[in-house]
Amino acid sequence: MLLHRLFFALLPPFVQRNLIAVHRDAFPGATSLVANDRLHKTLAIAGDFERFPKAVAEAMLAIGAAVALGPFAVRLDRLSGSNRSIALRPSRRSAGLAELSRQLAEPLRRHGLARDGWSFSPHVTLLYRNGAPFQQPIEPIGWDATDFVLIHSVVGATRHVELGRWRLESRQGAFGF
């Protein structure tokens, strides 16, 4: 059975996506690799649905359009393996990233749309596998986050469809003299 999942995400730019993939491809024995075009950092997520949730998608499009935040730096500098996956993570908290997640997750919770039990933990999943946990530093991969997206994931079909994209820009009144 296919499931429909909606989530907000940061997508790495092309060059950084390829640098991330180099780390992914260094691990033999994966049960499932995340393809380059699906590498992302989840910011906020709704529950799963058996049918495409049009009303939820419309609500999430409105939530995305309401975000008021300027661009910020993203940095991944730690390879982190759990017993079921390997991901790239930041070693330091990013205020911009945390604020973007907050501006998206709080309205999802208020409207009863947030996935039960989910909490923000910034990472880019590379692959799924069975193995021992580990942590190791890597040469940092960074970029300036200038936009974010709403993704419709067709779970079971390994397909992502972009439903919306918003530029990160401060919406406080700017005075041009």
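Predicted model only: the values in this text are computed from it and were never measured. In what follows, residues are counted from 1 in the order of the sequence shown.
Counting only heavy atoms from C-beta outward, the side chains of Val15 and Trp143 never approach each other to under 4.5 Å. Within the 4.5 Å cutoff, the side chain of Leu3 has heavy atoms near those of the Glu50 side chain. The shortest side-chain heavy-atom distance between Leu163 and Met60 does not fall under the 4.5 Å cut-off. Within the 4.5 Å cutoff, the side chain of Phe7 has no heavy atoms near those of the Trp118 side chain. Contact of the Leu79 side chain with the Phe27 side chain is registered, since non-hydrogen atoms from C-beta on lie closer than 4.5 Å. The closest side-chain heavy-atom distance from Val67 to Phe8 is not below 4.5 Å. Contact check for Phe120 versus Thr42: no side-chain heavy atoms found under the 4.5 Å cut-off. Between Phe72 and Asp144 there is no side-chain heavy-atom pair separated by less than 4.5 Å.
No side-chain donor-acceptor contact under 3.5 Å links His23 to the backbone of Ala21. Judged purely by atom type and a 3.5 angstrom limit, Arg24 uses its side chain to pair as donor or acceptor with the backbone of Val34. With Ser80 contributing its side chain and Arg89 its backbone, the two residues share no donor-acceptor pair below 3.5 Å. A donor-acceptor pair is defined here as one N or O able to donate and one able to accept, closer than 3.5 Å; such a pair exists between the side chain of Gln16 and the backbone of Gly142. With hydrogens and angles disregarded, a donor-acceptor distance shorter than 3.5 Å links the side chain of Thr31 to the backbone of Tyr128. A donor-acceptor pair is defined here as one N or O able to donate and one able to accept, closer than 3.5 Å; such a pair exists between the side chain of His123 and the backbone of Ser121. Within the 3.5 Å criterion, the main-chain N or O of Pro71 finds no donor-acceptor partner in the side chain of Glu169.
Closest approach of Ser94 and Ala73 over heavy atoms only: OG-O, 3.9 Å. Contact detail for Leu43 and Ala9: the closest heavy-atom pair is CD1-C, 3.7 Å.
Note: His152 and His4 meet the aromatic proximity criterion, with ring centroids under 6.0 Å apart.
Taken together through direct or relayed side-chain contacts under 4.5 Å among Ile, Leu, Val, Met, Phe, Trp and Tyr, Ile138 and Phe134 form part of one hydrophobic cluster.
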(request) Apply salt bridge (Lys or Arg N to Asp or Glu O under 4.0 Å) to the pair Asp77 and Arg92, showing each step before the final yes or no. (result) CA-CA 9 Å; Asp77 59 4; Arg92 294 190 189 113; 5.4 Å; no
(request) List the steps and the verdict of salt bridge (Lys or Arg N to Asp or Glu O under 4.0 Å) for Arg165 and Asp147. (result) CA-CA 7 Å; Arg165 180 178 290 261; Asp147 57 16; 2.8 Å; yes
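The structure places CZ of Arg109 at 10.5 Å from CG of Leu104, a figure rounded to the nearest 0.5 Å. Of the inter-residue distances, the one linking Leu127 atom CG with Ile86 atom CD1 reads 4.5 Å to the nearest 0.5 angstrom.
A donor and an acceptor atom, one from each side chain of Arg78 and Gln135, are located under 3.5 Å apart. Using a 3.5 Å distance cut-off with no hydrogens or angles, the side chains of Asn36 and Asn18 do pair a donor with an acceptor.
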